[in-house]
Amino acid sequence: NELTELPEEIAYLKNLSILYLSSNRLNELPRGIAQLKNLSILDLSSNRLTRLPREISQLRNLTRFYLSSNRLRELPGEIFQLKNLNILDLNSNELTELPKAIAHLKNISILDLNSNELAELPKEIAHLKNLTELNLSSNQLEVLPKEIAQLRNLTRLYLSFNRLTE
């Protein structure tokens, strides 16, 4: 598809639980997206998003959030209010840092940060006790925080193509 914007009327679809909008040309999301309170899966992969609206925090039932292949440079603090997230896919963006507030995503099991510009990770990553998969490949990491050893449920850790020396 070639959608460049999502109509505000999307807000009328109150019972929507899954919304796939991948492979479009979306630059931004309407604030009305916050009205989709029953959304559990939102796929915005392969668009042109540079930011997310603050209202994204109102999607409290979201368990899977796919944002790969966009142009995100930073994550809004509101994304860390999505406490039911199990999967957060941020691969192939332009993120330069992972905020300490990542610690609030206690239920997250898969975090994909592949192909970003991350130079370091916050030690707060250790609070993600349910994390089973962490993809950090193709970033600018030179060192991992020692706290990563506290992720006892981690079964898959991807670190290829970084600048790790220790």
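Note that the numbering runs from 1 along the sequence shown for the chain.
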Flag, side chain of N86 to backbone of S109, donor-acceptor distance under 3.5 Å: no
Please determine whether the number of non-hydrogen atoms from other residues, nucleotides or ligands lying under 6.0 Å from atom CD of E5 exceeds 12. no
Regarding R54 and E78, does a basic nitrogen lie under 4.0 Å from an acidic carboxylate oxygen? yes
Using a cut-off of 6.0 Å, state whether more than 12 heavy atoms not belonging to K100 lie near its atom NZ. no
Using only atom types and a distance under 3.5 Å, with no angle test, would you say the side chain of S40 pairs donor to acceptor with the backbone of T63? no
R73 and side chain to side chain donor-acceptor pair (under 3.5 Å): which single residue from E97, E94, E117 fits? E94
Please report the C-alpha distance between Y158 and D112 in whole Å, then the side-chain angles of each, then the deciding distance to 0.1 Å, and finally whether the side chain to side chain contact (heavy atoms under 4.5 Å, CB included) criterion is met. CA-CA 9 Å; Y158 302 93; D112 191 343; over 6 Å; no
Has the side chain of N27 got a donor or acceptor atom that lies under 3.5 Å from a matching backbone atom of T4? no
Are the side chains of T132 and R156 in contact, using a 4.5 Å heavy-atom criterion? yes
Under a 3.5 Å distance rule, please check whether N61 uses its side chain to pair with a backbone N or O of N38 as donor and acceptor. no
Please tell me whether S69 and S45 have a donor and an acceptor in their side chains that are separated by less than 3.5 angstrom. no
With distance as the sole test, does N91 use its side chain to make a donor-acceptor pair with the main-chain N or O of L113 at under 3.5 Å? no
Do other residues, nucleotides or ligands put more than 12 heavy atoms under 6.0 Å from the CD atom of E74? no
Please check this pair: side chain of N162 against backbone of N139, looking for a donor-acceptor N/O pair closer than 3.5 Å. yes
Student check: side-chain heavy atoms of L29 and L44 closer than 4.5 Å: yes
Would you name the heavy atoms of L98 and L121 that are closest together and state the gap between them? CD2-CD2, 4.1 Å
For atom NZ of K123, is the number of surrounding heavy atoms from other residues, nucleotides or ligands below 6.0 Å larger than 12? no
Answer yes or no: is there a donor N or O on one side and an acceptor on the other, between the side chain of S138 and the main chain of S115, under 3.5 Å? no
Apply side chain to side chain contact (heavy atoms under 4.5 Å, CB included) to residues K14 and K37 and explain how you reach the verdict. CA-CA 7 Å; K14 305 268 188 219; K37 308 255 189 241; over 6 Å; no
